[in-house]
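Source: prediction; values computed, not measured. In the text below, chain A, chain B and the rest are named by the order of the sequence lines, each starting its count at 1.
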Amino acid sequence: MSHFAPLIQAWYRQNHRKLPWRETKSAYKIWLSEVIMQQTRVDQGKSYYYKFVENFPTVQDLANADEQEVLRLWQGLGYYSRARNLHTAAKQVVNEFNGVFPDNYKGIKSLKGVGDYTASAIASFAYDLPHAVLDGNAFRVLSRFFNDATPIDTGQGTKVFKAYAEEVLNRENPAEFNQAIMEMGAMVCKPKNPDCENCPLSDSCLSLREGDPKLLPVKSKKVKVTTKYFHYLIYPSKEIQLIKREGKGIWQNMYEFPKLELEERKLKSEVNKMVEDKFDVKLLKKISEEKHILTHQHINATFWEVNEMLHDEKTVKVDLETINDLPLPRLIERFLENNAMLFGSDGVK
DNA sequence: AAGCCGGGGAA
DNA sequence: TTCCCAGGCTT
């Protein structure tokens, strides 16, 4: 096992994908890429990396932007707290670090939205500091290599696997080592069908010898999924009424149609009664119904045409042009794509 | 420690 | 369907 690092690094030099953020030593750009890639596949995040580097060439540019502009660029990527925290962190760099991106682990990790993984990644990739990354890939590679069934989503798991990671880390070249363990996990030591025949560690992998790689890593928690029923209210007009989501839940600070949110499915007559009580408008007809599936929420969305504009003072009215400046959940973005005719001149369909 | 937060691709 | 992706914050 003392050959862990040289084996995966030799493999990495021969087999790695060419990715834009691997071509730079800019801590700022590496930070952007790492936050964008949190819980996100490379194919999904790559175009967002290009967009952010293009729109915000420097951390000052990002700090000076409006949060709404940042969220709009993030639209469709999900986990929007990452975008809000990214913006906060840029302002931290400007205000607390004199506009210079911090160059040590502690300073990096003090930035909003930067945890142990991201701080270790930036410290090693940008500054060649010896911090081992522990992401989903590293958890998988290490749990299999050491044949360790400690649940990774517990305090004990974090402790155990961080120790493994630090043990095998190549302190002479932490940057390449960290890239290598993650790339190996993504390309070879895959979740479902690990390609053990082509694995550089197959000779010394304990789970391959004594156990079953496919059974690792172990997770203890189960995802709890809740179902919700959203009833969106739409008055066809070239003035589109939207509301900014505030408070806690999902899509914070993003825009959607005014809506009634219910815990269970209701008949139209019941929905209509509640809508009349709350908004003082009537449901005319159902425009469409969509299922929006998220990791922890199944949203049943019904889009209703109503008989008049809502009187709610918290709504904003925008046309089809300016709506392009507002951050929208994918559910709303998709509805607008399919129903733009509702909001043409005079609301003519 | 447990709960919460998106969206999409792969098997 | 189920799993998981270059995780982190709040409670």
The residue, A:Asp153 or A:Tyr79, whose nearest nucleotide of DNA chain B is more 5′ is A:Asp153
Do any N or O atoms from the side chain of [X] and from the backbone of [Y] form a donor-acceptor pair under 3.5 angstrom?
X: A:Glu333; Y: A:Leu328; value: no
X: A:Glu270; Y: A:Leu267; value: yes
X: A:Gln92; Y: A:Lys112; value: yes
X: A:Asp319; Y: A:Lys238; value: no

Contacts of A:Ser120 meeting side chain to side chain contact (heavy atoms under 4.5 Å, CB included) (sequence neighbours excluded), chain-then-number -> A:Tyr105, A:Asp116, A:His131, A:Val133, A:Lys162
In numerical order, the residues of residues 27-40 of chain A whose heavy atoms come under 4.0 Å of DNA chain B are A:Gln39, A:Thr40
Within residues 294-302 of chain A, those residues having any heavy atom closer than 4.0 Å to DNA chain B are A:Leu294, A:Thr295, A:His296, A:Gln297
Check: A:Asp61/A:Thr58 side-chain N/O donor and acceptor closer than 3.5 Å
yes
Q.
Just to be sure I understand the rule, does A:Arg330 reach a base, reach only the sugar-phosphate, or reach nothing, if contact means heavy atoms closer than 4.0 Å?
A. sugar-phosphate
> Looking for any heavy atom pair under 4.0 Å, which part of the strands does A:Val114 touch: base, sugar-phosphate only, or nothing?
Replying inline: sugar-phosphate
Worksheet item: Is the NZ or CZ atom of A:Lys51 positioned over A:Tyr48's six-membered ring, under 6.0 angstrom from the centre and within 45° of the axis?
Response: yes
